[in-house]
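A quick note: this is a predicted structure, and the numbers were derived from the prediction, not measured. Proteins come first, then strands; the chains are lettered A, B, ... in the order of their sequence lines, and each starts at number 1. Note that these values count all heavy atoms, side chains included, but never hydrogens, waters or copies made by symmetry.
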Amino acid sequence: GQSLEQPSEVTAVEGAIVQINCTYQTSGFYGLSWYQQHDGGAPTFLSYNALDGLEETGRFSSFLSRSDSYGYLLLQELQMKDSASYFCAVRAPRGKLIFGQGTTLQVKP
Amino acid sequence: EAQVTQNPRYLITVTGKKLTVTCSQNMNHEYMSWYRQDPGLGLRQIYYSMNVEVTDKGDVPEGYKVSRKEKRNFPLILESPSPNQTSLYFCASSLEYRVGSPLHFGNGTRLTVT
């Protein structure tokens, strides 16, 4: 089957760097995506990795290692507005999409 | 404005009373999907559709039905709701079903079944 594991909570201070890890187990790999969700609002797409390496989008970067079935989301220069839940997701065969349980990031002043 | 529209935002109903949550997108997306979100369980996929008249079960399809008669609409139907279906529901769409194709989510429907 397919499963993803992420830490349930992460705390960091404003201006710091934080890394949110995601390990996955899938039968067939089609890439890893990351989504952000504020307080029960609509999740929004952050990034996608299909190949090994780092993808950078402003203050956010995402990394993938297919050989380790592992990825992470890196948030730099943390701001209070980055306090949210972050989900990794993988596509299973035939269009099914599996999300991790989410990591709640709390940014403190 | 490109968006996914769900209705209603909030719904309180009683056990056994059939209900439909509507979902519509105006982006000509092929892929649409429904998720439920419960504390500590993340987003779990209920049903998805890769195109008109093509639907398939996600991880938690029991007690739900869907249909995709038109490309833009993907309603979620609860024929006989039960209290364990109390949850926050999200509809989402993407241009295609590749994982790199970003999902666009609706604003959610908070359902309470008493």
Side-chain angles (χ1 to χ4, degrees), chain A residues 1-9 20 22-51 53 55 57 60 62 64 66 71 84-105, chain B residues 1-6 9-10 23 25 27 29-51 54-61 66 68 74 87-111:
Chain A
Q2 290 80 31
S3 65
L4 297 98
E5 284 193 24
Q6 352 175 189
S8 58
E9 292 182 5
I20 299 173
C22 174
T23 57
Y24 59 86
Q25 185 175 6
T26 62
S27 54
F29 180 73
Y30 304 91
L32 184 72
S33 291
W34 288 91
Y35 287 80
Q36 178 191 59
Q37 183 185 34
H38 284 99
D39 282 336
T44 55
F45 174 82
L46 289 177
S47 69
Y48 163 67
N49 295 70
L51 302 175
E55 294 282 342
T57 309
F60 293 4
S62 57
L64 176 65
R66 288 174 295 169
S85 292
Y86 294 84
F87 296 88
C88 57
V90 293
R91 185 83 70 181
R94 288 185 51 79
K96 191 182 288 190
L97 186 63
I98 311 296
F99 282 83
Q101 293 183 356
T103 298
T104 300
L105 170 63
Chain B
E1 181 189 348
Q3 59 186 359
V4 177
T5 303
Q6 283 180 239
R9 289 294 307 278
Y10 300 91
C23 175
Q25 50 89 9
M27 296 169 280
H29 283 175
E30 287 187 350
Y31 184 90
M32 297 187 74
S33 186
W34 276 101
Y35 302 86
R36 61 176 289 173
Q37 185 172 31
D38 303 289
L41 297 178
L43 290 154
R44 293 183 293 168
Q45 193 173 41
I46 303 170
Y47 269 95
Y48 61 95
S49 169
M50 291 200 279
N51 216 323
V54 179
T55 63
D56 212 340
K57 296 177 181 179
D59 282 334
V60 288
V66 293
R68 187 93 182 270
F74 191 46
S87 187
L88 177 59
Y89 291 86
F90 287 101
C91 178
S93 71
S94 63
L95 187 62
E96 52 187 347
Y97 65 86
R98 290 185 306 112
V99 70
S101 185
L103 276 174
H104 299 256
F105 282 82
N107 286 327
T109 296
R110 192 168 290 279
L111 172 66

A/R91 charged N/C atom sitting above B/Y31 aromatic ring, 6.0 Å / 45°: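 Because its charged atom sits under 6.0 Å from the ring centre and within 45° of the axis, A/R91 does stack over B/Y31.
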
B/E96, CD: over 12 other non-hydrogen atoms inside 6.0 angstrom: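 Correct, the count exceeds 12.
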
Greater than 12 external heavy atoms within 6.0 Å of B/R110's CZ: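 For B/R110, atom CZ is not crowded (no more than 12 foreign heavy atoms under 6.0 Å).
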
B/D56, part contacting chain A, at a heavy-atom distance under 4.5 Å: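 Answer is side chain: those atoms of B/D56 sit under 4.5 Å from chain A.
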
Heavy-atom proximity to chain A below 4.5 Å, by part of B/Y47: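 The answer is neither part of B/Y47.
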
Heavy-atom contact with chain B under 4.5 Å, split by part of A/Q37: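 Interface part for A/Q37: side chain.
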
Engaged part of A/L46 at the chain B interface, taking heavy atoms whose separation is under 4.5 Å: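 Answer is neither: A/L46 stays 4.5 Å or more from chain B.
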
Nearest heavy-atom neighbours spanning B/G106 and A/A42: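 Heavy atoms of B/G106 and A/A42 come nearest at O-CB, 3.2 Å.
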
For chain A, the option from B/F90, B/F105, B/Y35 that forms the most heavy-atom pairs under 4.5 Å: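 Answer, by heavy-atom pair count under 4.5 Å with chain A: B/F105.
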
Separation of A/T44 OG1 from B/H104 NE2 (nearest 0.5 Å):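 Nearest 0.5 Å value for the NE2-OG1 distance: 10.5 Å.
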
Separation of A/F87 CZ from B/Q37 CD (nearest 0.5 Å):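 B/Q37 atom CD to A/F87 atom CZ measures 4.5 Å (nearest 0.5 Å).
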
Under 3.5 Å donor-acceptor, A/Y35 side chain and B/L103 backbone: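 Yes, because the side chain of A/Y35 sits within donor-acceptor range (under 3.5 Å) of the backbone of B/L103.
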
Flag side-chain contact, heavy atom, 4.5 Å: B/L43 against A/P43: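 Sidechains of A/P43 and B/L43: in contact.
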
